[in-house]
2 protein chains.
Amino acid sequence: MTGVSTQTVSRVLNKRPDVSPQTRRLVEAAIEEHGFRPSAVARSLVQRRSQMIGVIAAGMKYFGVAQTVNGIAEACEASGYSVILKELGSFDVPDIVPVVEFLLAHRVEGIIFAPPQMGANIRHVQDQLPAARPPVVFLKADPTPEFSTIGIDNRSAAMRATEHLLALGRTRIAHLAGPLEWREARDRRDGWLAALSDAGLEPGPMVAGDWGSPSGVTAFEEILAADPRIDGLFVGSDQMALGALQVANGRGIRIPDQLAIVGFDGLPEAAQFTPSLTTIRQPLAEMGRLAVRELLMALKADLGVDTVHTVELPTELIVGDSAPMPPERARATDPDAESMAPVVTGGQRPG
Amino acid sequence: MTGVSTQTVSRVLNKRPDVSPQTRRLVEAAIEEHGFRPSAVARSLVQRRSQMIGVIAAGMKYFGVAQTVNGIAEACEASGYSVILKELGSFDVPDIVPVVEFLLAHRVEGIIFAPPQMGANIRHVQDQLPAARPPVVFLKADPTPEFSTIGIDNRSAAMRATEHLLALGRTRIAHLAGPLEWREARDRRDGWLAALSDAGLEPGPMVAGDWGSPSGVTAFEEILAADPRIDGLFVGSDQMALGALQVANGRGIRIPDQLAIVGFDGLPEAAQFTPSLTTIRQPLAEMGRLAVRELLMALKADLGVDTVHTVELPTELIVGDSAPMPPERARATDPDAESMAPVVTGGQRPG
DNA sequence: ATGAAAGCGCTAACAC
DNA sequence: GTGTTAGCGCTTTCAT
């Protein structure tokens, strides 16, 4: 309309080949001059694809969630998608439904749930999801036949952690748990119990914290009060383990000789704790990336093909000084030997 | 069109008053039955407001950026806006321009830059920003007359940290700096130098790390090698301070008696370090929230009113055991006494 | 209280 | 190669 034509402009913008170089230059000049910017909104409307995926996150203040959202954002950018981020105060159902509606209204092409945890409430969310919807991936949720889920096997990983303590000859092994309303906290506790039961040992005391490092301090003190003679401790998060380390150091408890500690999460900083922390690393960013891949695959295959997958990503045992490698090497018969192979960091012990 | 009418539906959806209750119920029933969902895309198109704000972030893997994005998302939700999150690999100019174009094409109503740092390159970004654009806020950037910026006064905060060490009677004060390509790292170094110069002292050795805790280990070892007799250390990030603590603990350096340490950032975990870390807290989430407020205010005032503000948020000295309160209380004449008032955490020292 | 008409800014399907 | 027509799904404005 401006200088010369009407929607030849469209062809220019979309870099179609069927435009004469001359016209093209003309149009481009006009665009430049008028500071014209094509509306992606209108384009989304007519094409019925927004090139957006919706991310429903809660607790981004937690290291894990932030890491996962990062993985999602990265993978989206790499695939030409963008993310609409909805941060929720909580995952209670009444909160979630309007958010999903919002995302649907914006015609996102997929939705990822990235919570710090998934409890039973997720069932309700799943029930309330409208039938007509883009693909959805739940992170850290119980497997279902209806939705793709991506997570780790918390129970096995916790068993692996506990077995590491057992391999060090520890027999009185306590657990500093996460809040037991959280499924992940319960799964980790169950893994701890199972490993002890397999070894024919009684569980040591268990106290729950709230994932944060201050709660590690108080919970560990309660554990010590319950049984000062424990020689092994499995902690549900690295942050709580940090609190336990502070108490142990303050009381002159020698780690790992007197008490060996294994954490959970794989914070990058764990290697610089005093002493460096043995921990289970979760592939948090990978989870996010994989969730995007799942979505894109489902989008591609939108024929009735089966696009529901349940993925459990492998975890790693990162060995630090708080619970070093046992003298006899990891058993070669370990069924998960590959995925769960221990990784030894440069457990730094200066001086 | 369906059951009864055409765009009376619109009135129903927008909860307009001028619809008979009867029709309303009819329409609502039809909506429910057909699983109809209004298109926010079409609405954005016709109303010319997307209710979206664009966030350009880089380095969300860093605690600080994640925290800030969290604050942004929170504040947006609270105001009925949503965020389109673009995560960048880096803030090099060629990368950024297309991202801004993308956001503009999506008709975001504001843009926030949330990088881990802002170097000189930001100038180029600012220069390349098109003239016709929604309001933009830069986080952590140098003040400019053209754009709103929100950050902290790194230099003053670093002076405050160093003065705390001086108040403890320390005279050989070293600095474990961040990477000096970063403006923030340089500002903190300058604050350290200024405080020492004001006190008439020579600066101790300085070595730069990369913000991460492993680099704290090696950099601190270099500092010790350069001058083993230092009695104070100001560290540019809490994570690097964690590395320094590990080395100090490993070598039997008594903290704070032999060496007092002050960090920077205010990680929540710093209180559980061994020993608990004295540090400068930055209001990271607040920065994000404030950025959103800035944007919304600018939106409201879009008359030629002056909407460019330069905000420097106050920081806090959090006193832990690594550099305790000096015997004589903080000088009452401190000009920043209020905003910079030290906060004493329960520096935990068990047993 | 409701319907009809026009248009937001683009692209798809055809003509020319 | 380029212009024309139509329509994406809404919200206006004006009639009724």
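Sequence lines set the chain letters: A, B, ... in the order given, protein chains first and strands last, and positions in each chain run from 1. Just so it is clear, the structure is predicted and the values come from calculations on it, not from any experiment.
Closest to the A/T23 side chain, of the nucleotides D/dC10, D/dT12, D/dT2, is D/dT2. Each of C/dT2, C/dC10, C/dC8 was ranked by its minimum atom distance to the side chain of B/V46; first place goes to C/dC8. Among the nucleotides C/dG9, C/dT2, C/dT11, the one closest to the side chain of A/Q47 is C/dT11. With C/dA1, C/dC10, C/dC8 as the choices, the nucleotide that has an atom nearest any side-chain atom of A/A42 turns out to be C/dC10.
Going from atom CG of A/L139 over to atom OG1 of A/T68 covers 6.0 Å, rounded to the nearest 0.5 Å.
As rounded to whole Å, 9 Å separates atom C1' of D/dC10 from atom CZ of B/F36. In this structure, B/R43 places its CZ atom 18 Å from C1' of C/dG9, rounding to the nearest Å. Separating the CG atom of B/N14 from the P atom of D/dT12 is a distance of 7 Å, rounded to the nearest angstrom. Rounded to whole Å, atom C1' of D/dG3 lies 13 Å from atom CG of A/D18. Rounded to whole Å, the distance from CG on B/L45 to P on D/dG7 is 17 Å. Distance B/R49 CZ to C/dG9 C1': 19 Å, rounded to the nearest Å.
Taken residue by residue, residues 98-111 of chain A places no heavy atom nearer than 4.0 Å to DNA chain C.
Under the 4.5 Å side-chain criterion, counting only non-hydrogen atoms from C-beta, A/F63 is in contact with A/P268.
Residue-level contact check: A/R16 touches the backbone only, with heavy atoms under 4.0 Å from sugar-phosphate atoms and none from bases.
For A/R11 against D/dG3, a side-chain N or O and a base N or O form a donor-acceptor pair under 3.5 Å.
At D/dC8, none of the side-chain N or O atoms of A/S44 fall inside 4.0 Å of OP1 or OP2 (strictly under the cut-off). The phosphate of D/dG9 has OP1 or OP2 within less than 4.0 Å of a side-chain N or O from A/R48.
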Pairing annotation in dot-bracket form, given for DNA chain C with Watson-Crick or G-U pairs under 3.5 Å and | for cross-strand partners: |||||||||||.||||
